Number of protein chains: 2
Amino acid sequence: MPATVTRPTKSEATAARIIAAARHLFVARTYADVTTDMIARAADVTKGGLYHHFTSKEQLYVTMMLDDLEDKRVLFAQAVASPGTARERLAGLTRDFLELPREERELTRLVRRDVNTFSGEEREQLVRAYQRALPERVQEIIEDGIRDGELAPGDSRILSWSFVALVEVVIGDYADRIYGTTEARLGHVVDLFFDGAATQPAGGTT
Amino acid sequence: MPATVTRPTKSEATAARIIAAARHLFVARTYADVTTDMIARAADVTKGGLYHHFTSKEQLYVTMMLDDLEDKRVLFAQAVASPGTARERLAGLTRDFLELPREERELTRLVRRDVNTFSGEEREQLVRAYQRALPERVQEIIEDGIRDGELAPGDSRILSWSFVALVEVVIGDYADRIYGTTEARLGHVVDLFFDGAATQPAGGTT
DNA sequence: TCACATACCGACCGACCGGTCGGTATGAGA
DNA sequence: TCTCATACCGACCGGTCGGTCGGTATGTGA
């Protein structure tokens, strides 16, 4: 009867509550340290209720992560599609990231942290979803930048991973204690990546 | 009777065997996924024998990590103390790192991965030992570089973490599939950190 | 050779945890 | 109002794993 876009049923609402509780717990503790009981209690259901909606702890975790990474992929794809120089677009992507609520930022690091816990198909799914959400989006911008002569030629895969690594430094707990503003973090990451830390362009390391 | 430097007793040799086995397993699997039984079997002792030398699984892990991080601290301190420009010294430190056997390289990442598993004193110990081994050593060189005008002024703490993050990208599994040589990795990290990825020094991100 | 400490064994314990299952509550359609 | 599906409960199970403990082997000093 309502609008064409279905409103969430009670069942969907419960599942969403469970996922939210799981997300909250998984970012704070290790996968193995979070028990299904903890998740159920935090979501105000019993373990039986939890297993009514999810077939296993692994499946719950993977579902939660895939949902979130798909949201991120969409978010970052917008930054990729926006106009401007590579520098401006990477700054935009980074700003989108930095302006996410803290928990959503931290979620990104879960894959890197927990990926060893899984194996086979689940592991592949998680890795692929992560790559699709972040490094591959960054890589697109970097390849445009190289093509336009804005960035020096180089392996765009490693460059994008490097950029992502810099971003993840600046979203971490440690940086939280140092940076006051999003602008400061943003400027730091983008400036360092584009211009480097040296005062003069020297070169010839080895 | 032997030289003044004592030769390892049988007991010390067993403890070392256990630590080596633990190291090997902990780098490959998560802390929680490695059982004391696995470690004992890999070290060719029983669980009882393991608990004769270590009081708990946690203590074994922490001992192993602290030992290793202290070795690394000494190694990197040499790079800090060596002569040359900041660029040369950071390149030297990175080369020392990259030339370590694979398992020793990966060990560095364990703290970041497993630190959430512990709490209280153990957690503090691990974090401090890691900082002392790597980021603080890098920070020393960076501060010299800023003082000498070789590096642009900036927060040396964040700069050192950024450099370490770049190094860790380049020692990871992903980079293993891309880079052929240590020289290529080394050049990439140091050049990116000092000179940036842009062709021309632009600026003004925000 | 006796005494004692230290190294090590391996069966066992108890707690915990993922997952199940028989059952109840709720609500919608006939 | 009867029926049936779906949502959910909570006691329970099977297995695992960190840790223990009584015992044996080994070697060393007296």
Side-chain angles (χ1 to χ4, degrees), chain A residues 1-2 6-26 28-65 114 116-123, chain B residues 1-2 6-26 28-65 114 116-123:
Chain A
M1 292 100 160
T6 53
R7 105 179 97 192
T9 66
K10 189 175 178 225
S11 177
E12 283 165 351
T14 306
R17 238 171 44 238
I18 293 171
I19 283 192
R23 176 190 306 195
H24 189 65
L25 287 165
F26 280 132
R29 313 172 91 88
T30 311
Y31 175 79
D33 286 345
V34 176
T35 68
T36 53
D37 235 36
M38 292 168 58
I39 300 171
R41 247 179 297 139
D44 208 40
V45 288
T46 59
K47 221 157 53 154
L50 188 151
Y51 275 89
H52 175 71
H53 291 280
F54 302 93
T55 63
S56 71
K57 184 187 178 187
E58 268 194 24
Q59 190 250 336
L60 167 58
Y61 180 89
V62 172
T63 300
M64 178 206 81
M65 286 302 296
D114 290 334
N116 283 329
T117 312
F118 304 96
S119 59
E121 184 53 33
E122 258 107 31
R123 188 197 176 99
Chain B
M1 293 95 158
T6 52
R7 104 178 95 192
T9 65
K10 191 177 177 223
S11 178
E12 283 165 352
T14 307
R17 237 171 45 236
I18 293 171
I19 283 192
R23 174 189 308 197
H24 189 65
L25 288 166
F26 279 132
R29 313 172 92 86
T30 311
Y31 176 78
D33 285 345
V34 175
T35 68
T36 52
D37 234 36
M38 290 166 60
I39 301 171
R41 247 179 297 137
D44 209 39
V45 288
T46 60
K47 223 159 49 157
L50 187 152
Y51 275 89
H52 176 72
H53 291 279
F54 302 93
T55 63
S56 72
K57 185 188 177 187
E58 269 193 24
Q59 190 250 335
L60 166 58
Y61 180 88
V62 172
T63 301
M64 177 206 83
M65 286 303 295
D114 291 334
N116 283 327
T117 312
F118 305 97
S119 60
E121 184 54 32
E122 257 108 32
R123 187 197 176 99

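In what follows, chains are A, B, ... by sequence order, proteins preceding strands, each numbered from 1. Every value quoted in this text rests on a predicted model; they were computed, and no experiment measured them.
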(request) Whole angstrom is fine here: how far is it from CG in D44(A) over to C1' in dA7(D)? (result) 14 Å

(request) Please tell me which of T46(A) and V34(B) maps to the more 5' nucleotide of DNA chain D, matching each residue to the nucleotide holding its nearest heavy atom. (result) T46(A)

(message) If you compare every side-chain N and O of T14(B) against the phosphate oxygens of dC8(C) (OP1, OP2), does one of them come in below 4.0 Å?
(response) yes

(request) May I have the distance from D37(A) (atom CG) to dG18(C) (atom P), rounded to whole angstrom? (result) 8 Å

(request) Could you tell me whether a side-chain N or O of K57(A) sits under 3.5 Å from a main-chain N or O of Y31(A), the two making a donor and an acceptor? (result) yes

(request) Drop me the distance from M65(A)'s CE to I19(A)'s CD1, to the nearest 0.5 angstrom. (result) 11.5 Å

(request) Report yes if some heavy atom in the side chain of L50(A) is under 4.5 Å from a heavy atom in the side chain of T46(A); otherwise report no. (result) no

(message) Looking at Q59(A) and T55(A), would you say the former's side chain and the latter's main chain have a donor-acceptor pair under 3.5 Å?
(response) yes

(message) For the backbone of D33(B) and the side chain of T30(B), can you confirm whether one donor and one acceptor N or O come within less than 3.5 Å of each other?
(response) no

(message) Rounding to an integer number of Å, can you tell me how far I18(A) CD1 sits from dG19(C) P?
(response) 14 Å

(message) Rounding to an integer number of Å, can you tell me how far D33(A) CG sits from dC17(C) P?
(response) 9 Å

(request) Tell me whether the OP1 or OP2 atom of dC17(C) has a side-chain N or O from T36(A) closer than 4.0 Å. (result) no

(message) Once rounded to the nearest 0.5 Å, what's the spacing between atom CD1 of I39(A) and atom OH of Y61(A)?
(response) 11.0 Å

(request) To the nearest 0.5 Å, tell me how far T117(B) OG1 sits from R29(A) CZ. (result) 10.0 Å

(message) Short of 4.0 Å, heavy atom to strand atom, which residues of residues 53-64 of chain B count as contacting DNA chain C?
(response) H53(B)

(message) Without decimals, in angstroms, what is the distance between Y51(A) OH and dC13(D) C1'?
(response) 14 Å

(message) Rounded to whole Å, how long is the line connecting atom CG of L50(A) with atom P of dG10(D)?
(response) 14 Å

(message) Less than 4.0 angstrom between a side-chain N/O of H52(B) and OP1 or OP2 of dA7(C), yes or no?
(response) yes

(message) Quiz question: going by heavy-atom distance under 3.5 Å, is there a donor-acceptor pair between the base of dG10(C) and the side chain of K47(B)?
(response) no

(message) Considering every strand and a 4.0 Å limit on heavy-atom distances, what is the contact class for T35(A): base, sugar-phosphate, or nothing?
(response) sugar-phosphate

